[in-house]
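Given the structure is predicted, the values throughout are model-derived calculations rather than measurements.
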Amino acid sequence: DMYCDNGFSPLPNDPYNIENWHYEKTGLSKAWNKTCNCPPEVDPSNCNVRDHIEYCNVGDPNVIVAVLDNGFSVGAQPGTTAHLDLVGRTDLNVNKNVIFGDDPFDYDSSDEPSSMVAYDHGTASAISASASSNNNASHAGVNWKSKLWLVRIGRGGGASFSNILAGFNYVISKVQE
């Protein structure tokens, strides 16, 4: 068994991964490469997530990450756009809007004016948590295979305490089902 501890820590091939400067600062690329277990026929200098993802454990599809934020662009509603790296990652049966008085199924903020979305922070958070990665498309997520539960708890610049609590209670109820 051979681990990728050769001082070389290539990043995934996603073109906007460079924007995720915090991954390198926290040692995430080295951690991803530590999960690689290449067979002897693979040159140790090429045993990494970019060149041999098939030998690396960069996530578990059975792990679910709940993201509570101000809305998400996942293309769940007709006429909305999906972020490329979130397609197929969310559980449409669990995603929800817990803002009192709002449509509970309208958690997707991509169909609203930008002033209500606050730069789509929820989408960025979901991408950081679990974007499809090493697909030469956009960004890399921390866990490349996990599913996402997207819970909208606010709009614009924040969320009320009651909405945050409602979001946590919703996630807890889903976990207990």
Side-chain angles (χ1 to χ4, degrees), residues 11-26 28 31-32 57-177:
L11 296 172
N13 64 14
D14 303 281
Y16 298 112
N17 194 55
I18 192 73
E19 294 176 6
N20 297 329
W21 57 268
H22 51 290
Y23 290 179
E24 199 59 35
K25 291 285 185 187
T26 58
L28 187 57
W32 282 325
N57 178 7
V58 289
D60 184 340
N62 296 312
V63 170
I64 298 169
V65 177
V67 180
L68 285 69
D69 214 305
N70 67 340
F72 310 89
S73 292
V74 295
Q77 303 297 329
T80 62
T81 58
H83 190 283
L84 183 62
D85 284 335
L86 296 180
V87 173
R89 305 311 292 267
T90 67
D91 186 339
L92 299 179
N93 296 314
V94 176
N95 297 344
K96 185 170 178 141
N97 180 348
V98 298
I99 301 171
F100 181 74
D102 276 9
D103 177 356
F105 302 105
D106 186 18
Y107 61 89
D108 187 328
S109 60
S110 63
D111 58 343
E112 297 179 10
S114 61
S115 61
M116 293 179 70
V117 180
Y119 309 110
D120 216 6
H121 188 268
T123 303
S125 298
I127 290 167
S128 287
S130 186
S132 297
S133 304
N134 208 46
N135 58 1
N136 205 25
S138 180
H139 293 83
V142 172
N143 184 330
W144 299 4
K145 299 177 183 177
S146 69
K147 290 291 184 184
L148 292 165
W149 288 355
L150 306 178
V151 180
R152 186 174 187 182
I153 57 170
R155 274 193 205 91
S160 69
F161 180 76
S162 60
N163 285 345
I164 294 168
L165 185 59
F168 279 116
N169 286 336
Y170 176 72
V171 170
I172 290 167
S173 72
K174 286 304 194 182
V175 169
Q176 293 174 341
E177 283 182 358

Practice prompt. State which residues pass ring-ring contact (aromatic ring centres under 6.0 Å, His included) with Tyr16; sequence neighbours excluded, sorted by chain then number.
Written response: His139
Worksheet item: Can you list every pair that meets salt bridge (Lys or Arg N to Asp or Glu O under 4.0 Å) and has a residue in residues 124-148, with sequence neighbours left out?
Response: none
Discussion item. I'd like to check the side-chain contact (heavy atoms from CB on, under 4.5 Å) partners of Ala66; sequence neighbours left out, ordered by chain and number.
Written reply: Leu68, Trp149, Val171
Worksheet item: Do Val142 and Tyr23 touch side chain to side chain, with heavy atoms closer than 4.5 Å?
Response: yes
Worksheet item: So, the side chain of Asn70 versus the backbone of Gly154: is there a donor-acceptor pair under 3.5 Å, distance only?
Response: no
Item to complete: Show the numbers, then the answer: is there a side-chain contact (heavy atoms from CB on, under 4.5 Å) between Asp91 and Ile64?
Response: CA-CA 9 Å; Asp91 186 339; Ile64 298 169; 6.0 Å; no
Worksheet item: By side-chain contact (heavy atoms from CB on, under 4.5 Å), which residues pair with Ser160, not counting sequence neighbours?
Response: Ser162, Asn163
Item to complete: Measure across Leu150 and Ala126 and return the closest heavy-atom pair with its distance rounded to 0.1 Å.
Response: CD2-CB, 4.0 Å
Fill in: Nearest-0.5 Å distance that lies between atom CG in Asp85 and atom CG in Asn135
5.0 Å
Worksheet item: Any idea which heavy atoms bring Ala129 and Val65 closest together, and the distance?
Response: CB-CG1, 3.9 Å
Worksheet item: Within the side chain of Ser130, is there an N or O that forms a donor-acceptor pair under 3.5 Å with the backbone of Asn143?
Response: yes
Discussion item. Enumerate the salt bridge (Lys or Arg N to Asp or Glu O under 4.0 Å) contacts for residues 163-177, please, sequence neighbours excluded, ordered by first and then second residue.
Written reply: Lys174-Glu177
Worksheet entry | Set of ring-ring contact (aromatic ring centres under 6.0 Å, His included) partners for Tyr170, sequence neighbours left out | none
Discussion item. Looking at every heavy atom in both Gly141 and Ser133, which two are closest together, and how far apart are they?
Written reply: N-OG, 2.8 Å
Worksheet entry | N/O donor-acceptor pair under 3.5 Å between Asp69 side chain and Arg152 backbone | no
Discussion item. Which heavy atom of Asn13 sits nearest to which heavy atom of Asn136, and what is that distance?
Written reply: OD1-N, 2.8 Å
Response to the item:
Between Ser132 and Asp14, the two heavy atoms sitting closest are O-OD1, 4.3 Å
Fill in: Minimum heavy-atom distance Val98-Gly167, with the two atoms named
CG2-N, 3.8 Å
